[in-house]
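Note sheet for the following structure.
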Number of protein chains: 2
Amino acid sequence: MTGEVTKRRGRPPSGGREAILAATLELLRQRGIGRLTTREVAVVAGVSEASIYYHFNDRSGLLQAVFEEGIRPLQELGAEGGLSGPFRRELLLTLGEAIERFLDQALPILTAAQSDAELRDRLAAYMDEQDLGPHRGVLALGSYLADEQAAGRVRADVDPYAVGLMLVGTCFTRSSQRQMPTHRSELPALADIVDALVTLLRPTGE
Amino acid sequence: MTGEVTKRRGRPPSGGREAILAATLELLRQRGIGRLTTREVAVVAGVSEASIYYHFNDRSGLLQAVFEEGIRPLQELGAEGGLSGPFRRELLLTLGEAIERFLDQALPILTAAQSDAELRDRLAAYMDEQDLGPHRGVLALGSYLADEQAAGRVRADVDPYAVGLMLVGTCFTRSSQRQMPTHRSELPALADIVDALVTLLRPTGE
DNA sequence: GTCTATAGGTTGATAGAC
DNA sequence: GTCTATCAACCTATAGAC
């Protein structure tokens with residue numbers, strides 16, 4: 001996939017497109033989508049407004065491109081998400097941290113899309129098409145726990161997918177809380193949730 | 001609470017202010033804050049634009065009023081939230097349903113506020129001031145569980161606040177999912193999470 | 001308290017040269 | 001592919017009458 005530098009194939013990357021995307025994402029996080037204008041995007045990206053309309057057709061096209069790029073990491077996270085190995089504390093903690101890391105950068109985008117019905121519907125259609133959403137994490141963790149239940153390493157009298165939603169929901173809430181510029185009251189740490197889950201899921205000697 | 005019609009106390013309700021607030025909330029949910037204009041608010045409310053600026057100083061004032069009104073139910077939910085009675089399935093289920101009911105109507109507002117840095121900060125300041133946020137639910141459920149642990153009705157070897165976050169996070173995620181116009185993949189039902197929690201928290205005969 | 005009319009300022013988008 | 005220049009539309013907010 002990565003070729004030589006001597007003979008460049010295809011069009012030389014002028015970098016304009018990427019600069020626009022990066023500038024849009026930065027302004028989106030900083031000021032919010034309500035104050036995001038093509039004019040400022042052009043200034044920050046160091047290009048003209050017309051260049052934006054050349055690469056993306058209109059403002060909606062620009063935003064949709066940014067959204068899809070910002071959500072892309074979830075596909076990789078879902079692909080790598082084949083949990084394996086015996087049930088351990090570190091496994092859950094690593095998974096939870098990965099989920100929170102993704103959400104910390106994707107949640108501002110998901111909330112921004114809610115500010116415009118058209119954008120919201122288009123992003124929802126894209127997520128439907130790519131089968132993205134919180135259910136992915138729930139299913140991944142749930143099926144893993146189901147296997148561990150069959151192996152006798154996790155107590156078998158609970159719905160593994162319910163437990164999956166508990167962890168995903170924890171990450172979701174913690175990440176959402178971080179988005180608000182208020183932290184006067186802290187939520188329990190991710191490690192506390194993982195510890196509780198490990199304790200609760202340990203097979204009982206019934 | 002509902003008085004007679006014969007003798008009206010206080011200023012006669014012209015209804016203009018309330019109509020504006022209701023129209024704003026409706027348009028906010030329908031089109032998103034990005035397409036919310038004072039012009040359309042005036043049309044839907046059946047008043048003139050100037051009337052909006054009379055009651056609220058500017059667009060930001062209108063939005064902030066809508067935000068605070070939409071979040072008000074949380075204060076009541078927090079006040080009534082004094083969980084009591086022995087640990088039962090129905091107790092958790094009722095609490096979870098109340099949380100989801102609140103979030104279903106408050107989450108669109110919270111996400112809308114994220115679209116503008118100024119609005120976001122002002123709402124955050126208000127929530128700080130009123131001490132509102134997901135931690136309220138976590139603390140309420142956590143302290144209740146701690147009491148039940150002391151009473152021997154809940155297994156005592158887990159952090160009760162961690163468990164609190166699990167339930168709140170579940171409701172948060174489920175409600176967020178409902179906001180997206182896509183349901184191709186369902187999350188576990190609230191009852192499933194409650195069942196799992198009840199099973200896991202039952203005291204073991206250790 | 002509510003209206004009409006309008007000012008003032010931004011914004012998304014296009015045209016056409018290079 | 002990128003630029004400058006420009007337009008037409010729109011939106012917030014105010015002024016002043018009733």
Side-chain angles (χ1 to χ4, degrees), chain A residues 8-28 30-67 69 112-113 115-123, chain B residues 8-28 30-67 112-113 115-122:
Chain A
R8 192 172 41 208
R9 302 157 300 179
R11 60 164 165 73
S14 58
R17 196 188 147 97
E18 284 71 20
I20 293 170
L21 285 174
T24 305
L25 198 56
E26 182 186 332
L27 286 174
L28 199 68
Q30 190 177 354
R31 311 198 156 184
I33 194 174
R35 296 286 174 90
L36 182 80
T37 66
T38 54
R39 197 153 291 185
E40 291 207 34
V41 169
V43 171
V44 174
V47 300
S48 72
E49 276 193 86
S51 188
I52 296 175
Y53 289 93
Y54 170 80
H55 286 292
F56 316 91
N57 282 329
D58 52 9
R59 197 185 113 110
S60 291
L62 168 62
L63 291 174
Q64 199 185 9
V66 170
F67 291 169
E69 195 192 47
S115 72
D116 188 308
E118 182 195 331
L119 288 175
R120 164 167 52 82
D121 292 349
R122 288 217 298 199
L123 181 61
Chain B
R8 190 172 43 209
R9 300 157 303 181
R11 60 165 164 74
S14 59
R17 197 187 145 97
E18 284 71 21
I20 293 170
L21 285 174
T24 306
L25 198 56
E26 181 186 335
L27 285 173
L28 200 67
Q30 189 176 357
R31 309 198 155 184
I33 194 175
R35 296 287 175 91
L36 182 80
T37 66
T38 54
R39 193 156 296 184
E40 292 208 32
V41 169
V43 171
V44 173
V47 300
S48 72
E49 276 194 88
S51 189
I52 297 176
Y53 289 92
Y54 170 80
H55 287 291
F56 315 90
N57 282 328
D58 51 8
R59 197 186 113 112
S60 292
L62 170 62
L63 291 175
Q64 199 186 9
V66 170
F67 291 169
S115 71
D116 188 307
E118 181 195 332
L119 288 175
R120 165 166 51 80
D121 292 349
R122 290 217 297 198

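In what follows, chains are A, B, ... by sequence order, proteins preceding strands, each numbered from 1.
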Report the distance from atom [atom1] of [X] to atom [atom2] of [N], rounded to the nearest whole Å.
{"X": "B:I52", "N": "C:dT4", "atom1": "CD1", "atom2": "C1'", "value": "15 Å"}
{"X": "B:E18", "N": "C:dT2", "atom1": "CD", "atom2": "P", "value": "10 Å"}
{"X": "B:E118", "N": "D:dT12", "atom1": "CD", "atom2": "P", "value": "14 Å"}
{"X": "B:F56", "N": "D:dT14", "atom1": "CZ", "atom2": "C1'", "value": "18 Å"}
{"X": "B:R31", "N": "D:dC10", "atom1": "CZ", "atom2": "C1'", "value": "14 Å"}

With side-chain hydrogen bond (donor to acceptor under 3.5 Å, both in side chains) as the rule and sequence neighbours excluded, what pairs involving residues 51-60 of chain B come up?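 Every pair satisfying side-chain hydrogen bond (donor to acceptor under 3.5 Å, both in side chains) with a residue in residues 51-60 of chain B: there are none.
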
Please work out if B:S51 contacts a base, only the sugar-phosphate, or nothing of the nucleic acid, heavy-atom cut-off 4.0 Å.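 Sugar-phosphate contact only - B:S51 comes under 4.0 Å of backbone atoms but never of a base.
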
How is A:G61 classified with respect to the nucleic acid when contacts are heavy atoms under 4.0 Å: base, sugar-phosphate, or nothing? nothing

Using a cut-off of strictly less than 4.0 Å, decide whether B:Y54 has a side-chain nitrogen or oxygen near OP1 or OP2 of C:dG1.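 Answer is yes, contact under 4.0 Å.
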
What residues form a side chain to side chain contact (heavy atoms under 4.5 Å, CB included) with [X], not counting sequence neighbours?
{"X": "A:A50", "result": "A:S48"}
{"X": "B:V44", "result": "B:A23, B:E26, B:L27"}
{"X": "A:S115", "result": "A:I33, B:I33, B:S115"}

Could you write nucleotides 5-12 of chain C as a row of B, S and -, 5' to 3', where a protein heavy atom under 4.0 Å of any base atom gives B, of only sugar-phosphate atoms gives S, and otherwise -? ------BB

Pairs in or reaching into residues 46-55 of chain B: which pass salt bridge (Lys or Arg N to Asp or Glu O under 4.0 Å), with residues at least two apart or in two chains?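 Output for this query lists B:R39-B:E49.
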
On DNA chain D, does the nearest nucleotide to A:H55 precede the nearest nucleotide to B:S60 from the 5' side, or the other way round? Give the residue. A:H55

Considering only NZ, NE, NH1 and NH2 on the basic side and carboxylate oxygens on the acidic side, decide whether B:E40 and B:R35 come within less than 4.0 Å. no

